[in-house]
Amino acid sequence: QVQLVESGGGLVQAGGSLRLSCVASGSTFDINAIGWYRQAPGKRRELVAAIYSDGNTKYADSVAGRFTISRDNAKNTVYLQMNSLKPEDTAVYYCSANRWDGSYYRDYWGQGTQVTVSS
């Protein structure tokens, strides 16, 4: 099992910044990738950014150039730096870990953290 805890969400004005943190614990070995997802009311959950075991990153077009995903392996922590925030970024943000368990790749999810951007 992998446990994920997100923090750093809150209320911010448009144009402001937030940094989200995701701390992983438990069976953190063999994690292939960690991604940040978000879900706004009435919309499907979407991938925002991901970081892979080789260090490669991927971003949704809507956040590229504004958000940066990074990791601190010593702390088992992944960050999402969010700059130039827009009201459209308002959503619950979730951290997800993809891990090889010996037979399958499995996904683990945190509880989510609310990000609200006011105009």
Side-chain angles (χ1 to χ4, degrees):
Q1 289 283 337
V2 176
Q3 292 79 47
L4 303 170
V5 178
E6 304 102 324
S7 62
L11 282 72
V12 65
Q13 292 187 86
S17 298
L18 287 172
R19 189 178 75 161
L20 306 184
S21 299
C22 173
V23 179
S25 61
S27 300
T28 58
F29 50 88
D30 293 333
I31 290 178
N32 179 59
I34 293 181
W36 284 98
Y37 292 74
R38 67 186 181 188
Q39 187 166 24
K43 301 187 69 176
R44 298 180 70 253
R45 188 172 298 186
E46 64 175 340
L47 177 66
V48 176
I51 186 165
Y52 302 90
S53 59
D54 63 1
N56 285 331
T57 58
K58 185 175 181 65
Y59 299 92
D61 289 342
S62 59
V63 307
R66 299 187 297 121
F67 292 9
T68 302
I69 189 169
S70 62
R71 67 187 179 194
D72 185 337
N73 289 332
K75 297 181 179 180
N76 286 325
T77 301
V78 174
Y79 304 96
L80 185 67
Q81 180 66 47
M82 309 164 66
N83 297 327
S84 301
L85 283 162
K86 305 175 180 179
E88 305 94 279
D89 296 318
T90 295
V92 178
Y93 284 70
Y94 298 90
C95 179
S96 179
N98 180 257
R99 179 182 178 271
W100 177 253
D101 71 356
S103 298
Y104 303 94
Y105 284 105
R106 300 176 67 96
D107 292 326
Y108 300 86
W109 295 87
Q111 82 288 348
T113 185
Q114 177 71 48
V115 172
T116 302
V117 184
S118 61
S119 59

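Start at 1 with the first residue, then count along the sequence. Source: prediction; values computed, not measured.
By the 6.0 Å and 45° rule, R106 does not stack over the aromatic ring of W100.
When all heavy atoms of A40 and A91 are compared, the closest pair comes out as N-CB, 3.9 Å. For G35 against L47, the heavy-atom pair with the smallest separation is CA-CD1, 4.5 Å. In terms of heavy-atom proximity, A97 sits nearest to L4 at N-CD1, 3.6 Å.
N83 contributes atom CG, which lies 6.5 Å from atom OG1 of T68 (distance to the nearest 0.5 angstrom). Rounding to the nearest 0.5 angstrom, the gap separating the OG1 atom in T28 from the CD atom in Q1 is 13.0 Å. Of the inter-residue distances, the one linking C22 atom SG with I51 atom CD1 reads 11.5 Å to the nearest 0.5 angstrom. Rounded to the nearest 0.5 angstrom, Q81 CD and I69 CD1 are separated by 12.0 Å.
Using a 4.0 Å cut-off between charged side-chain N and carboxylate O, R99 and D107 make no salt bridge.
Side-chain heavy atoms closer than 4.5 Å link hydrophobic residues (I, L, V, M, F, W, Y) into clusters, and following such links, possibly through other members, connects L85 to V48. Under a hydrophobic-cluster definition in which Ile, Leu, Val, Met, Phe, Trp and Tyr are linked whenever side-chain heavy atoms come within less than 4.5 Å, directly or via other members, L80 and V117 are assigned to the same cluster. In this structure, V78 is a member of the same hydrophobic cluster as I31, with clusters built from ILVMFWY side-chain heavy atoms closer than 4.5 Å.
Counting heavy atoms from C-beta outward, N56 and K58 have side chains that stay 4.5 Å or more apart. No side-chain heavy atom of T116 sits less than 4.5 Å from a side-chain heavy atom of V12. Looking at heavy atoms from C-beta onward, Q3 lies out of side-chain contact with S27 at the 4.5 angstrom threshold. Using a 4.5 Å heavy-atom threshold, the side chains of R38 and E46 count as touching. Contact check for S17 versus M82: no side-chain heavy atoms found under the 4.5 Å cut-off. Side-chain contact between K86 and R66 is present, with heavy atoms from C-beta onward closer than 4.5 Å. Y93 places none of its side-chain heavy atoms less than 4.5 Å from the side chain of E6. No side-chain heavy atom of N98 sits less than 4.5 Å from a side-chain heavy atom of Y108.
When atom types are taken as modelled, the side chain of Y37 and the backbone of V92 share no donor-acceptor pair closer than 3.5 angstrom. Counting only distance, with no hydrogens or angles, the side chain of S62 and the backbone of A60 share no donor-acceptor pair below 3.5 Å.
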(message) Go through it in stages, so that I can follow the logic: the residues are Y79 and D72, the test is side-chain contact (heavy atoms from CB on, under 4.5 Å), and I'd like the CA-CA distance, side-chain angles, deciding distance and then a yes or no.
(response) CA-CA 8 Å; Y79 304 96; D72 185 337; 4.1 Å; yes
(request) Apply side-chain contact (heavy atoms from CB on, under 4.5 Å) to Y94 and R45, showing your working. (result) CA-CA 9 Å; Y94 298 90; R45 188 172 298 186; 3.5 Å; yes
(request) Report the C-alpha distance between V115 and T90 in whole Å, list the side-chain angles of each, state the deciding distance to 0.1 Å, and finish with yes or no for side-chain contact (heavy atoms from CB on, under 4.5 Å). (result) CA-CA 5 Å; V115 172; T90 295; 5.9 Å; no
(message) Set out, in order, the CA-CA distance, both residues' side-chain angles and the distance that settles side-chain contact (heavy atoms from CB on, under 4.5 Å) for Y52 and I34, then state yes or no.
(response) CA-CA 7 Å; Y52 302 90; I34 293 181; over 6 Å; no
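With ring centers used as reference points, W36 lies 6.0 Å or more from F67.
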